[in-house]
J.: 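I am attaching a structure below and will ask some questions about it afterwards.
Here is how names work: the chains are called A, B, and so on, in the same order as the sequence lines, proteins then strands, and each is numbered from 1.
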There are 2 protein chains.
Amino acid sequence: MTRACQAKISDIATQISCLQCSINTICFPSGLDLDIRDELYNILNHPPPLERGDLLFRTGATMKGIYAVRSGAIKTYITDENGQEQVTGYYLPGELLGLGAIHNGRHFQNAEALESSYLCMIPVNDINRLSKSHPQIQEQLIHLLSKQLQNHHKMVWHLGLKNATSRVAALLLNCSERCHARGFSASEIKLNLSRQDIASHLGLAVETVSRIFGQLKKENVITFKGRQIDILDFDTLNQHVGTKMATTEKIPRI
Amino acid sequence: MTRACQAKISDIATQISCLQCSINTICFPSGLDLDIRDELYNILNHPPPLERGDLLFRTGATMKGIYAVRSGAIKTYITDENGQEQVTGYYLPGELLGLGAIHNGRHFQNAEALESSYLCMIPVNDINRLSKSHPQIQEQLIHLLSKQLQNHHKMVWHLGLKNATSRVAALLLNCSERCHARGFSASEIKLNLSRQDIASHLGLAVETVSRIFGQLKKENVITFKGRQIDILDFDTLNQHVGTKMATTEKIPRI
DNA sequence: CGCATCCTTGACGAAGGTCAACATTCGTGG
DNA sequence: CCACGAATGTTGACCTTCGTCAAGGATGCG
């Protein structure tokens, strides 16, 4: 499954700068002394580029540091005792992965590149060392962890939806929202998960996913060619999920 | 829905001491000066006890602090535009809730007591103030956030299982594991979610949950009376989920 | 060009949702 | 303490949705 990690990163369309990267508040927190910013920049580690199918880490592996996707895409999955994969998440440029391993130093799932991918990594030792002298770094980390936790709450919500179309709609909107948050198009998304990956993530059969995609296309809700998806009708997708996604900013009702 | 928050906490069986509480590493980190421990103890806030049905916080509400369940049980849920509840999680004694709101100061979901419940609360301002002088507090918070993130990865995995029995089995094992981690019995669990709550959480119909419970009882995998459940056969439940749950400590494969 | 992988489509059957009736539990007030 | 009603849980019959199996296309890579 794993191949040599020698990649030609051809697809720079999905590459982002540190400005859009969600890790940049760690790398370059505002208000820090210049020497610390330099130091942070120096410890920022660039692992070898990954090609499609390369593993970034495995279940049980020792955590080396926090990864940020710079370009490409990563999926995480669990493998059960029969060798069946179950996709638990996907990570787009600017997003962090591996945070769940901080507390015990071991990864809980496998992480695999969906396409040629560049990553940044902050070694865990350096974080610990630097954060002793600079509490701001920890503050930022808490912020990021909390945000990711909230994203997972959303995911739990979406996976609890009762029918297949709703779950697919939720996935599409979630992907759209995350792309948009990173400065990409909200409507033209490239979700590099295979139909099998999507099915596995949502607890569906591949054929069901394929049929739902076909159905949504027929109803002019989306168009797609392979894994390039264009959302035409956000309202209909939102109706399937049952509520607007932008609940984060909802006005308190009392 | 909400009633007056005047509770007689009669069920002290599920009450735990600070020793088993997952917040205690924040409240009383080892190696801290005595005066700081005193200060931490003083800022620890005890909100009025909740009765079944009382809301702890609502979607969109300003986050006041981090809550820890001391006794009782709390569920979190999202309400869609049709007023339909969808349960996104439940919290047992010793567990924290509200961590997902740290990054933006607003709660994303509703939290409601499933039974008479005591909580502890650390006001967010005090955490911020104290952690400036005591980085250990932040370290602990990062640890706890990471752990909860990993729990959510598990939940995403469980909700992606393809059939109803697997998802119910995963819920039971998850509850059992969490009870056990707090020093309660792993086999005799009191899951105070209604069948409707369980169904909503797992994306099933109430009747399906009821039938699966009945089926598992007939197969001598569990027994139950109302919401008091005894697990008789962990192996069968694990087989339904497809893998051992105790993957956290799994040996790395390379 | 040819093979492998991924995706789509159809036919069929099984799993689970819906509707309805009934049972049980729990809280309330007499 | 009992009686009543509301809320919760269970069971059965039926029907929809989704999974399975099988075949055929599309796409990409060597």
J.: I need the minimum non-hydrogen distance between A:Thr88 and A:Ile78, along with the two atoms involved.
T.: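 Taking every non-hydrogen atom into account, CG2-CG1, 3.6 Å.
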J.: Using whole Å, what does the distance between atom P of nucleotide D:dG28 and atom CZ of A:Arg195 come to?
T.: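 Rounding to the nearest Å, CZ of A:Arg195 and P of D:dG28 are 12 Å apart.
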J.: May I have the distance from A:Glu85 (atom CD) to C:dT5 (atom C1'), rounded to whole angstrom?
T.: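 Taking CD of A:Glu85 and C1' of C:dT5, I get 15 Å after rounding.
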J.: For B:Phe224, is the NZ or CZ atom of B:Lys217 found under 6.0 angstrom from the centre of its six-membered ring and inside 45 degrees of the ring axis?
T.: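 Yes; both conditions hold, so B:Lys217 lies above the ring face of B:Phe224.
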J.: Establish whether the base of D:dC21 is bridged to the side chain of A:Glu207 by a donor-acceptor pair shorter than 3.5 Å.
T.: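 Present.
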J.: Among C:dG16, D:dG9, C:dC7, which is the nearest nucleotide to the side chain of B:Ala164?
T.: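 Of the candidates, C:dG16 comes closest.
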J.: Would you say B:Arg227 places a side-chain N or O within less than 4.0 Å of OP1 or OP2 belonging to D:dG9?
T.: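 B:Arg227 to D:dG9 OP1/OP2: side-chain N or O found under 4.0 Å.
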J.: Toward the 5' end of DNA chain D, which comes first, A:Ala205 or A:Lys225, by nearest nucleotide?
T.: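 Closer to the 5' end of DNA chain D: A:Ala205.
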J.: Search all heavy atoms of B:Trp157 against all heavy atoms of A:Gln86 and return the closest pair with its distance.
T.: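 Result for this residue pair: O-NE2, 2.6 Å.
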J.: Between the base of D:dG9 and the side chain of B:Arg211, is there a donor and acceptor pair under 3.5 angstrom?
T.: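 No, no donor-acceptor pair under 3.5 Å.
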J.: Please confirm whether the shortest side-chain N or O distance from B:Thr208 to OP1 or OP2 of C:dG17 is below 4.0 Å.
T.: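 The answer is yes; a side-chain N or O of B:Thr208 sits under 4.0 Å from OP1 or OP2.
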J.: So what does B:Ser194 hit on the nucleic acid, given a heavy-atom distance under 4.0 Å: a base, only sugar-phosphate, or nothing?
T.: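 Contact class for B:Ser194: sugar-phosphate only.
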J.: Tell me, with the steps shown, if B:Ser116 and B:Glu51 meet side chain to side chain donor-acceptor pair (under 3.5 Å).
T.: CA-CA 4 Å; B:Ser116 303; B:Glu51 281 291 357; 2.8 Å; yes
